[in-house]
Amino acid sequence: MLDPKYIRDNLEAVKHNILKRGVKADATLVIDLYNSRNKLQFEIDTLRNDRNENASKMKQKLPEGERAVLIEEGKNIKVKVAELEEKIKEIELKYTEEAMKIPNMTDSSCPVGGEADSVELRKEGVIRNFSFKPKDHVELGDILDVIDFDSGANVSGQKFYYLKNEGALLELALINFGMQYMTKKGFTPYLTPDIAKASILEGIGFNPRGSETNIYSIENTDQCLVGTAEITLGGIYRDTIIDESALPVKMAGFSHCFRTEAGASGQATKGLYRVHQFSKVEMFVICTPSESEKMLETLREIEEEIYKALGIPYRVLNIATGDLGNPAYKKYDLEAWMPGRGCYGEITSTSNCTDFQARRLNTRIKDKAGNKNIAHMLNGTVIAVPRVIISILENYQNEDGTVDIPEILVPFTGFSKITRKK
RNA sequence: GGAGAGCUGUCUGAGUGGUUGAAAGAGGCGGUCUUGAAAACCGUUGUGGUCGCGAGGCUACCUGGGGUUCGAAUCCCUAGCUCUCCGCCA
């Protein structure tokens with residue numbers, strides 16, 4: 001959510017930004033609603049002032065006649081206040097609805113356009129030149145007996161899966177590797193709830209309900225299954241004032257992630273690439289406005305270090321405005337080389353959300369002088385387990401169908417090779 | 001799940017329906033004293049919204065929501081959370 005005063009004072013820039021992102025939002029309408037709300041608020045406050053003055057006249061003993069007059073007057077004011085309060089409630093509802101549609105501003109370094117306009121900054125790692133026809137992870141998962149899609153579909157539904165044998169251990173190893181790695185980087189490790197309140201989801205910038213939602217909600221409650229630990233990590237700091245000396249707050253959280261992925265199916269999303277439930281280690285940072293730009297680069301560097309360490313070739317993308325997602329001011333994706341698809345596929349994503357989430361969550365910073373400021377928030381993927389498994393299986397496969405484990409993971413897996421079962 | 005107790009400002013903790021934005025203490029900040037510190041003493045010390053160029057004004061906030069009333073921290077209803085006891089349970 002943007003600051004309404006900012007929208008009012010920078011209306012043209014906000015409108016231009018909405019165009020750049022290709023979203024539907026009406027900044028003028030938001031400001032109109034904001035102004036009428038303020039006008040009403042002023043009227044209500046004035047009436048309340050009258051009411052308070054009227055009431056305080058009755059503190060002392062009064063002749064019955066005088067008191068009756070004042071009570072009558074109080075009753076009149078009461079009715080008027082109630083009317084206006086009804087009106088302002090309506091306007092505020094509409095205002096919030098419209099204001100939520102306005103996306104964050106965008107960094108000038110972001111390429112303008114849609115998904116295809118994201119800019120590849122560079123490639124890292126060497127893409128293997130296979131002397132045989134590489135298999136995709138679905139086939140490898142089958143012959144190695146590490147992924148069971150059929151049982152997933154039977155027991156839970158389409159796009160669910162079981163990891164078994166070395167596959168199960170590999171997930172645990174990856175999570176542990178990621179958590180240990182982040183702890184060494186000075187992040188506080190967290191295991192987080194997989195359920196959060198809808199209001200928290202909204203604060204982070206998710207749409208928990210409606211036709212566009214990617215979120216499972218729990219019937220007859222105001223709770224949802226989380227789509228990422230970003231929600232529960234950021235939520236910790238709702239309605240919180242953080243002392244500047246405690247910044248930056250750096251957290252690394254594990255959670256399961258649940259996504260409805262309505263309408264997303266087809267070849268491009270075969271196998272583990274897009275599923276309804278997966279495990280993920282996520283990083284989340286709260287810092288001062290002056291630090292956030294640099295912090296985004298730090299998060300990107302951490303992600304790059306990890307995928308270099310895992311020996312997975314990747315490229316770095318500076319994401320275009322149209323593909324940013326409402327809260328993000330700037331975003332980098334890492335895309336891993338996936339031989340089974342014969343192309344790069346998103347494996348991490350890190351965003352600087354500036355004050356967009358913190359404003360809704362009411363997360364503020366208090367500096368030495370006691371001044372309060374909205375905090376900046378950033379997030380980034382450490383390990384999105386299924387996509388890392390895809391990358392490892394496909395990049396580390398041997399001609400006989402076995403798969404080597406990246407050396408750095410061996411202390412976590414306890415084995416260095418996945419053997420063939422079929 | 002059942003029974004009970006509670007939720008007040010940074011913290012502890014008062015608060016008869018009408019000078020209560022809220023006593024008192026602690027803490028914080030500023031100052032006096034001191035070579036320095038402590039102690040003592042003095043002063044100061046919440047947040048949001050809105051109006052105003054400004055000084056400042058108005059308004060709201062005693063867990064959230066609703067109600068009663070001319071007037072609610074105070075009465076009623078409701079939700080949440082915390083604590084104690086019981087039951088169940090990995």
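As the structure is a computational prediction, the values presented were derived from the model and not from experiment. First the proteins, then the strands, lettered A, B, ... as listed; each starts at 1.
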Determine the Euclidean distance between corresponding P atoms of B:A37 and B:G28; express it in Å to zero decimal places.
15 Å
side-chain hydrogen bond (donor to acceptor under 3.5 Å, both in side chains) contacts in which one or both residues fall within residues 72-83 of chain A, not counting sequence neighbours:
none
Pick the P atom in B:G48 and in B:U44, then give their distance to the nearest Å.
22 Å
In this structure, how many angstroms lie between the C1' atom of B:G49 and the CG atom of A:Leu33, rounded?
17 Å
Heavy atoms from other residues, nucleotides or ligands near NZ of A:Lys197 exceed 12 (cutoff 6.0 Å):
no
Under-4.0 Å side-chain N/O to phosphate OP1/OP2 contact, A:Lys372 with B:U47:
yes
Does any donor atom in the side chain of A:Tyr329 or A:Asp107 lie under 3.5 Å from an acceptor atom in the other side chain?
yes
Looking only at heavy atoms, which two atoms of A:Gly113 and A:Thr321 are closest? And how far apart?
N-OG1, 3.0 Å
A:Glu72 CD to B:G71 P, straight-line distance once rounded to whole Å:
12 Å
Between A:Ser292 and A:Asn352, a side-chain donor and acceptor under 3.5 Å:
yes
What integer number of Å spans the P atoms of B:G9 and B:G4?
27 Å
Just grab all the ring pair (Phe, Tyr, Trp, His ring centres under 6.0 Å) pairs involving residues 226-254 of chain A, residues at least two apart or on different chains.
A:Phe254-A:His256
Short side-chain N/O contact from A:Tyr95 to OP1 or OP2 of B:G49, under 4.0 Å:
no
Specify the separation, in whole Å, of atom CG of A:Asn54 and atom C1' of B:C70.
6 Å
Would you please name every residue forming a salt bridge (Lys or Arg N to Asp or Glu O under 4.0 Å) with A:Lys101, sequence neighbours left out?
A:Glu98
Rounded interatomic separation in angstrom, taking CG from A:Leu70 and P from B:U69
18 Å
Once you round it to whole Å, what is the distance between C1' of B:U50 and CD of A:Glu92?
12 Å
First encountered from the 5' end of RNA chain B, between A:Arg364 and A:Gly74:
A:Arg364
Convert the base pairs of RNA chain B into dot-bracket notation, remembering that pairs crossing earlier ones are written with [ ] and that bases paired across to another strand are shown as |; include only Watson-Crick or G-U pairs under 3.5 Å.
((((((((.[[[..)..(.....]]]((((((.......))))))((((((....)))))).[[[[[..)....]]]]])))))))....
In terms of side-chain geometry, is the basic nitrogen of A:Arg300 or A:Glu304 positioned less than 4.0 Å from the acidic oxygen of its partner?
yes
Within residues 364-395 of chain A or reaching into it, pairs that qualify as ring pair (Phe, Tyr, Trp, His ring centres under 6.0 Å) - sequence neighbours excluded:
none
In whole Å, I'd like the distance from the CG atom of A:Asn76 to the P atom of B:U69.
15 Å
Determine the Euclidean distance between corresponding C1' atoms of B:U59 and B:G52; express it in Å to zero decimal places.
15 Å
Tell me, please, which residues at least two apart from A:Glu171 pass side-chain hydrogen bond (donor to acceptor under 3.5 Å, both in side chains).
A:Ser279
Spacing of the C1' atoms in B:A23 and B:U12 (rounded, Å)
14 Å
Pull out every residue in residues 188-198 of chain A that has a heavy atom closer than 4.0 Å to any atom of RNA chain B, ordered by number, or say none.
none
Would you check if there is a donor-acceptor pair between the side chains of A:Glu297 and A:Tyr332 at a distance under 3.5 Å?
yes
Nearest-nucleotide pick for A:Lys89, side chain only, options being B:G66, B:U47, B:G18
B:G66
Picking from B:C70, B:U47, B:U50, which would you name as closest to the side chain of A:Lys78?
B:C70
Taking B:A3 as the reference, what is the distance to B:A90 when you measure between their C1' atoms (whole Å, please)?
25 Å
Contact pattern, 5' to 3', of nucleotides 51-61 of chain B - B, S or - by protein heavy atom under 4.0 Å
S------SSS-
A:Asn17: what forms a side-chain hydrogen bond (donor to acceptor under 3.5 Å, both in side chains) with it, not counting sequence neighbours?
A:Thr106
Gap in Å between the two C1' atoms, one belonging to B:G6 and one to B:G13, rounded
14 Å
Span that lies between the C1' atom of B:U10 and that of B:A5, in whole angstrom:
26 Å
Mind listing the residues from residues 355-363 of chain A sitting with a heavy atom below 4.0 Å of RNA chain B? Number order is fine.
none
Any residue meeting side-chain hydrogen bond (donor to acceptor under 3.5 Å, both in side chains) with A:Asp145, in chain and number order, not counting sequence neighbours
A:Lys164, A:Asn165
Between B:G48 atom P and A:Lys366 atom NZ, what is the distance in whole Å?
11 Å
Sorted by chain and number, sequence neighbours left out, side-chain hydrogen bond (donor to acceptor under 3.5 Å, both in side chains) with A:Lys422 holds for A:Asp142
How long is the line joining CD1 of A:Ile71 and C1' of B:U69, in whole Å?
10 Å
Axial cation check for A:Tyr273 ring with A:Arg387, 6.0 Å and 45° limits:
yes
